[in-house]
Undergrad: 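Mind having a look at this structure? Questions to follow.
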Amino acid sequence: MPAMAQRRRYWLMKSEPDVFSIADLEGVEREPWDGVRNYQARNYMRDEMAVGDLILFYHSNAKPPGVAGVARVASAAYPDPSAFDPDSKYADPKSDPDDPRWWLIDVEFVEAFAEIVSLDALKAEADRGLEGMLVVRRGQRLSVQPVEKQHFVRVLEMAGAKTRVR
DNA sequence: GCCAACGTTGGC
DNA sequence: GCCAACGTTGGC
């Protein structure tokens, strides 16, 4: 009997569009998500993400902030090379190549929404469909967050997205 | 530009 | 192990 398939998980990842937007991801197709220097975000990438997991691509520090499209986890986790690069702004001399502190996954483009699903729009649904969604919580700064499947599906509906979830 | 939230650092 | 100081995030 085959092993039961791993349950697909859903995620939200933040990026400042001035630095790297959903259009930038569409242009390169695939991008190593380097530079994350938060342990909880690292743990999600290193320990919980699996190839094929779908991601809400969120524009932070944007006008308006909100979900701009969909991406997909495209690699298993591997050590973040920028931690070992002294010329990188993400260099971390405390990360030992034999015991790397920082890990990442590659992200690939799936879809750019016709219109951003703004944070305001998400908040407006927070009591009817998006209850408990982390990104609408005040003070929630985590740049990699798990998303419940029903919340993910609801955001796709709000966007009129082409992406379908099985 | 402001500042609340909150994670990290380091003195003790 | 506590906690003040500090730095960053990110909405506004």
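Order of the sequence lines sets the chain letters (A, B, ...), proteins ahead of strands, with each chain counted from 1.
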Undergrad: Remaining members of Val110(A)'s ILVMFWY cluster at a side-chain heavy-atom cut-off under 4.5 Å?
TA: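 Members other than Val110(A) - counting any ILVMFWY side chain reachable under 4.5 Å - are Tyr10(A), Leu12(A), Leu54(A), Leu56(A), Tyr58(A), Val67(A), Val70(A), Phe113(A), Val117(A), Leu119(A), Leu122(A), Leu130(A), Met133(A), Val135(A), Val136(A), Val147(A), Phe152(A), Val153(A), Val155(A), Leu156(A), Met158(A), Val165(A).
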Undergrad: Check every nucleotide of DNA chain C for an atom under 4.0 Å from a heavy-atom of chain A, then give the first and the last such nucleotide from 5' to 3'.
TA: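 Going 5' to 3' along DNA chain C, contacts run dG7(C) to dC12(C).
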Undergrad: Quick one: ring-ring contact (aromatic ring centres under 6.0 Å, His included) pairs with a partner in residues 37-56 of chain A, sequence neighbours left out?
TA: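 Output for this query lists Trp11(A)-Tyr44(A), Tyr39(A)-Trp102(A).
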Undergrad: Heavy atom of residues 59-69 of chain A under 4.0 Å from DNA chain C: which residues?
TA: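 Residues of residues 59-69 of chain A that come under 4.0 Å of DNA chain C are, in numerical order, Ser60(A), Asn61(A), Pro65(A).
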Undergrad: Output all residues satisfying side-chain hydrogen bond (donor to acceptor under 3.5 Å, both in side chains) with Glu131(A), sequence neighbours left out; order by chain, then residue number.
TA: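 Residues passing side-chain hydrogen bond (donor to acceptor under 3.5 Å, both in side chains) with Glu131(A): none at all.
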Undergrad: Is it true that a side-chain atom of Arg101(A) and a backbone atom of Asp96(A) form a donor plus acceptor pair closer than 3.5 Å?
TA: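 Judged by distance alone, no pair lies under 3.5 Å.
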Undergrad: Does anything in residues 64-85 of chain A pair up under salt bridge (Lys or Arg N to Asp or Glu O under 4.0 Å), and if so which pairs, sequence neighbours excluded?
TA: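 Sorted pair list: Arg37(A)-Asp80(A), Arg72(A)-Glu108(A).
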Undergrad: Any pair with a residue in residues 55-69 of chain A that passes salt bridge (Lys or Arg N to Asp or Glu O under 4.0 Å), sequence neighbours left out, goes on the list, sorted by first then second residue, please.
TA: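 For residues 55-69 of chain A, and leaving out neighbouring residues, there are no salt bridge (Lys or Arg N to Asp or Glu O under 4.0 Å) pairs at all.
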Undergrad: What residues form a salt bridge (charged side-chain N to carboxylate O under 4.0 Å, His left out) with Arg128(A), not counting sequence neighbours?
TA: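 Counting only residues at least two positions away or on another chain, Arg128(A) forms a salt bridge (charged side-chain N to carboxylate O under 4.0 Å, His left out) with Glu125(A).
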Undergrad: Under 4.0 Å, heavy atom to any atom of DNA chain B: which of residues 130-140 of chain A qualify?
TA: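 Contacts with DNA chain B under 4.0 Å: Arg138(A), Gly139(A).
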Undergrad: Output the rest of the hydrophobic cluster of Ile116(A): all Ile, Leu, Val, Met, Phe, Trp and Tyr residues reachable through side-chain heavy-atom contacts under 4.5 Å, sorted by chain and number.
TA: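 Taking Ile, Leu, Val, Met, Phe, Trp and Tyr as members, Ile116(A) stands alone, with no cluster partners.
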Undergrad: With nearest nucleotides of DNA chain B determined for Lys94(A) and Arg141(A) from heavy-atom distances, which residue corresponds to the more 5′ nucleotide?
TA: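 By nearest-heavy-atom nucleotide position, the 5'-most residue is Arg141(A).
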Undergrad: Tell me, which pairs form a ring-ring contact (aromatic ring centres under 6.0 Å, His included) where one or both residues lie in residues 66-94 of chain A, sequence neighbours left out?
TA: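 Those involving residues 66-94 of chain A do not exist here.
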Undergrad: For residues 124-151 of chain A, pull every pair meeting ring-ring contact (aromatic ring centres under 6.0 Å, His included), keeping only residues two or more places apart or in separate chains.
TA: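 Non-adjacent pairs meeting ring-ring contact (aromatic ring centres under 6.0 Å, His included): zero.
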